[in-house]
Amino acid sequence: MTILKIARMGHPVLRTPAKPVENPTDPEIQRLISDMVETMEDANGAGLAAPQVHVPLRLVIFHVPGERSEGESVPLTVLINPVIEPLDEEMSEGIEGCLSLPGMAGRVPRYQNIRYSGLDAAGNRIEREASGFHARVVQHECDHLDGILYPQRMDDLSSFGYVEEMQKALKG
């Protein structure tokens with residue numbers, strides 16, 4: 001396994017819609033998944049999309065620790081060729097960061113309740129409903145597949161900035 005280089009905001013791979021994965025069980029895809037898991041863990045992230053590691057394919061991985069989601073933990077999930085459907089119009093704002101925008105964060109509106117589907121690493125169909133942080137992580141990672149970074153979803157850029165500076169302002 002290999003820790004991959006993470007593309008940062010401004011790199012063209014992050015602005016380009018990704019292509020579908022044709023064969024989830026292809027050894028190259030399986031190696032990419034393993035490398036992405038190692039990369040995400042090394043970077044202490046909640047999720048990672050293939051375009052973030054310079055691979056323009058519709059593949060994301062994520063997990064939801066219980067302490068981040070009202071006790072609902074979601075184990076490491078591989079989601080290939082995902083589709084997201086909002087279950088209602090309810091939106092909520094939350095602070096998001098991104099491995100492609102290191103050290104930065106901002107308030108982002110997202111659907112509160114979604115259904116998502118796709119394939120797992122073995123090519124089996126996954127379909128789940130998600131809410132709260134779980135829904136936020138899935139939407140954030142899947143945005144990468146459409147060439148969208150979270151600042152593009154923000155309604156008010158005054159909440160966008162460096163985490164370190166924002167923490168200082170809160171303390172001061």
Side-chain angles (χ1 to χ4, degrees), residues 4 6-7 9 11-37 39-41 43 45-66 68-70 72-101 106-155:
L4 303 170
I6 297 174
M9 184 170 71
H11 193 287
V13 73
L14 297 175
R15 294 190 305 265
T16 307
K19 294 178 175 23
V21 173
E22 294 192 15
N23 178 4
T25 61
D26 181 296
E28 287 297 313
I29 297 300
Q30 295 299 306
R31 184 173 17 267
L32 174 61
I33 291 168
S34 294
D35 291 347
M36 285 176 62
V37 169
T39 302
M40 180 183 74
E41 289 172 350
L48 188 66
Q52 289 183 276
V53 292
H54 304 271
V55 179
L57 292 174
R58 298 190 72 79
L59 164 64
V60 300
I61 63 170
F62 63 89
H63 68 104
V64 180
R68 302 267 323 256
S69 187
E70 301 87 43
E72 175 210 5
S73 67
V74 178
L76 179 68
T77 299
V78 174
L79 191 57
I80 299 170
N81 300 332
V83 174
I84 296 176
E85 171 192 355
L87 294 177
D88 53 42
E89 295 301 312
E90 184 181 354
M91 304 281 283
S92 63
E93 274 199 346
I95 300 287
E96 292 186 21
C98 181
L99 298 176
S100 293
L101 287 82
R107 285 186 125 351
V108 183
R110 297 277 185 194
Y111 287 104
Q112 179 67 18
N113 304 295
I114 63 168
R115 176 180 297 119
Y116 63 90
S117 60
L119 302 175
D120 67 12
N124 300 312
R125 184 160 172 75
I126 296 174
E127 186 169 326
R128 294 182 185 155
E129 290 188 3
S131 61
F133 186 72
H134 181 184
R136 178 171 298 281
V137 169
V138 173
Q139 291 171 84
H140 175 108
E141 295 309 328
C142 289
D143 267 356
H144 283 294
L145 306 181
D146 296 323
I148 298 169
L149 295 176
Y150 76 84
Q152 294 168 266
R153 295 275 187 209
M154 294 176 65
D155 293 328

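- Here the side chain of T77 pairs a donor or acceptor atom with the backbone of P75 at under 3.5 angstrom.
- A distance of 5.5 Å separates CG of L79 from SG of C142, quoted to the nearest 0.5 Å.
- P65 and S73 make their closest contact through C-CB, 4.1 Å (heavy atoms, listed as atom of the first residue, atom of the second, distance).
- From D143, atom CG reaches atom CD1 of I84 across 7.0 Å, with rounding to the nearest 0.5 Å.
- With a 4.5 Å cut-off on side-chain heavy atoms, M91 and D155 do not count as touching.
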- Message: Pair C98, M9 - check side chain to side chain contact (heavy atoms under 4.5 Å, CB included), show working.
- Response: CA-CA 10 Å; C98 181; M9 184 170 71; over 6 Å; no
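- A salt bridge does not link R31 with D26: none of the charged nitrogens is closer than 4.0 Å to a carboxylate oxygen.
- From Q30, atom CD reaches atom CG of N23 across 8.5 Å, with rounding to the nearest 0.5 Å.
- The pair R153-E96 does not meet the salt-bridge criterion, since no charged nitrogen lies less than 4.0 angstrom from a carboxylate oxygen.
- Summarising the geometry of Q112 relative to A135, their closest heavy-atom pair is O-CB, 3.7 Å, with the distance given to 0.1 Å.
- Here the closest non-hydrogen pair linking P17 and R15 is CD-O, 3.9 Å.
- Summarising the geometry, atom CZ belonging to R136 is positioned 11.0 Å from atom CD1 belonging to I114; distances are rounded to the nearest 0.5 Å.
- At a threshold of 4.5 Å between non-hydrogen side-chain atoms, the residues L57 and I29 count as touching.
- Sparse packing is recorded around CD of E22, with 12 or fewer heavy atoms of other residues, nucleotides or ligands lying under 6.0 Å away.
- The shortest heavy-atom contact between M40 and F62 is SD-CA, 4.4 Å.
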- Could you check S100 against H11 for side chain to side chain contact (heavy atoms under 4.5 Å, CB included), going step by step and ending with a plain yes or no? CA-CA 9 Å; S100 293; H11 193 287; over 6 Å; no
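- For the pair H140 and V108, the minimum side-chain heavy-atom distance is 4.5 Å or more.
- Y116 has its side chain out of reach of Q139: every pair of non-hydrogen atoms, C-beta onward, lies at least 4.5 Å apart.
- In this structure the side chain of Q52 never reaches within 4.5 angstrom of the side chain of M36, judged on heavy atoms.
- Across all their heavy atoms, L59 and I80 have their closest contact at CD1-CG1, 3.5 Å.
- Nearest heavy atom pair, residue G106 against residue Y150, reads N-CE1, 3.8 Å.
- Checking L99, I61, V53 one by one against T39, the side chain to side chain contact (heavy atoms under 4.5 Å, CB included) holds for a single residue, V53.
- Each salt bridge (charged side-chain N to carboxylate O under 4.0 Å, His left out) pair with one or both residues in residues 81-93, not counting sequence neighbours, appears once here: E85-R115, E93-R107.
- Within the model, atoms OG1 of T25 and CG of D120 stand 10.5 Å from one another, a figure rounded to the nearest 0.5 Å.
- Remark: N81 pairs with no residue by the side-chain hydrogen bond (donor to acceptor under 3.5 Å, both in side chains) rule, at least two apart or across chains.
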- Task: List the steps, then state whether side chain to side chain contact (heavy atoms under 4.5 Å, CB included) holds for V74 with R128.
- Result: CA-CA 11 Å; V74 178; R128 294 182 185 155; 3.6 Å; yes
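- Contact check for E141 versus P82: no side-chain heavy atoms found under the 4.5 Å cut-off.
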